[in-house]
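Here the structure is laid out as structure tokens; the discussion comes afterwards.
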Amino acid sequence: NVLLGQTVEGINSLNVSTDKVDFEFEYDQSYLKVKLKGLDVKKLNSSSSSSQIKVTAINPIVSGIILHKAYFVELPANFSYTGIKRQMKFDSQYVKSISKLSFYKCSDYDTAQDVCNGEWTKVSSNVNSADSLVWANINSFSAYLLGEPGSSTTTTTTMTTPVTTSAISFLLSSRSS
């Protein structure tokens with residue numbers, strides 16, 4: 001199976017990479033970047049909506065965490081991969097302590113209600129302050145936010161993306177070599 005083309009809806013970009021990852025996509029003017037390793041495209045079925053990656057910018061209220069950006073990413077159940085690298089940009093003018101930035105994950109997020117049905121768990125993350133990036137190797141998709149410990153005394157103004165969902169669909173073709 002060879003990826004021949006794609007359909008992209010919303011403000012995002014798609015890149016099929018040959019460098020160290022099998023598939024990479026960006027969303028929200030590159031604030032979110034996801035790289036998949038070991039992707040098995042043979043398991044994708046392009047004839048149904050089940051072959052869509054869905055990305056939603058979310059705006060949860062989380063006690064004790066200053067929210068910078070948050071996204072819910074849903075991959076098709078038939079996606080088979082061996083690794084995920086998630087990367088998010090931040091705007092340093094809104095960050096109180098760059099060294100305390102981290103990802104937080106909600107395993108059971110309700111996008112219709114914009115609420116976590118559980119706890120936000122801190123994820124081991126790496127900060128590249130020179131490029132204003134935070135990244136982490138993760139093992140599954142769900143809702144992730146980029147934040148830092150603390151409480152905001154004013155309304156957060158860094159969520160610039162309206163709450164919308166974008167989908168990336170795939171067109172596959174079998175080709176013998």
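Numbering of residues begins at 1 and proceeds along the displayed sequence.
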Where do Arg86 and Leu32 land on the side chain to side chain contact (heavy atoms under 4.5 Å, CB included) test, with the steps shown first? CA-CA 8 Å; Arg86 182 183 187 106; Leu32 171 67; 3.8 Å; yes

Tell me which one of [options] satisfies side chain to side chain contact (heavy atoms under 4.5 Å, CB included) with [X].
X      : options               : result
Pro60  : Ile65, Asp110, Leu67  : Leu67
Val127 : Val95, Leu101, Leu133 : Leu101
Tyr81  : Leu36, Asp22, Asn139  : Leu36

Test Val73 against Phe25 for side chain to side chain contact (heavy atoms under 4.5 Å, CB included), laying out the working first. CA-CA 11 Å; Val73 179; Phe25 66 90; 4.1 Å; yes

Any side-chain heavy atom of Lys33 sitting closer than 4.5 Å to one from Trp135?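 Of all side-chain heavy-atom pairs linking Trp135 with Lys33, none is under 4.5 Å.
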
Considering only heavy atoms from C-beta outward, does the side chain of Ile138 approach that of Tyr144 to under 4.5 Å?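 Answer yes - side chains close enough.
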
Check whether Phe72 and Val62 end up in the same hydrophobic cluster, where Ile, Leu, Val, Met, Phe, Trp and Tyr are linked by side-chain heavy atoms less than 4.5 Å apart.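 In one cluster with Phe72: Val62, yes.
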
Using the rule that Ile, Leu, Val, Met, Phe, Trp and Tyr join whenever any side-chain heavy atoms are under 4.5 Å apart, tell me whether Tyr71 and Val123 fall into a single cluster.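 Yes, because Tyr71 and Val123 connect within a single hydrophobic cluster, where side-chain heavy atoms sit under 4.5 Å apart.
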
[X] and [Y]: which non-hydrogen atoms are nearest, and at how many Å?
X      : Y      : result
Ile58  : Ala143 : CD1-CB, 3.8 Å
Lys105 : Ser142 : CE-CB, 4.0 Å
Ser30  : Lys89  : O-CE, 3.5 Å
Tyr27  : Ala57  : OH-N, 3.8 Å

Tell me whether [X] contacts the main-chain N or O of [Y] through its side chain, where contact means a donor paired with an acceptor under 3.5 Å.
X      : Y      : value
Thr82  : Lys37  : yes
Ser125 : Val134 : no
Glu148 : Ser97  : yes
Asn128 : Asp131 : yes

Evaluate side chain to side chain contact (heavy atoms under 4.5 Å, CB included) for Ile53 paired with Val34, printing each intermediate quantity in order. CA-CA 11 Å; Ile53 297 173; Val34 176; over 6 Å; no

Out of curiosity, Asn59 CG to Leu145 CG, how far, rounded to the nearest 0.5 Å? 10.0 Å

Going through the checks in order, is the side chain to side chain contact (heavy atoms under 4.5 Å, CB included) test met by Ile98 and Phe90? CA-CA 9 Å; Ile98 291 175; Phe90 61 88; 3.9 Å; yes

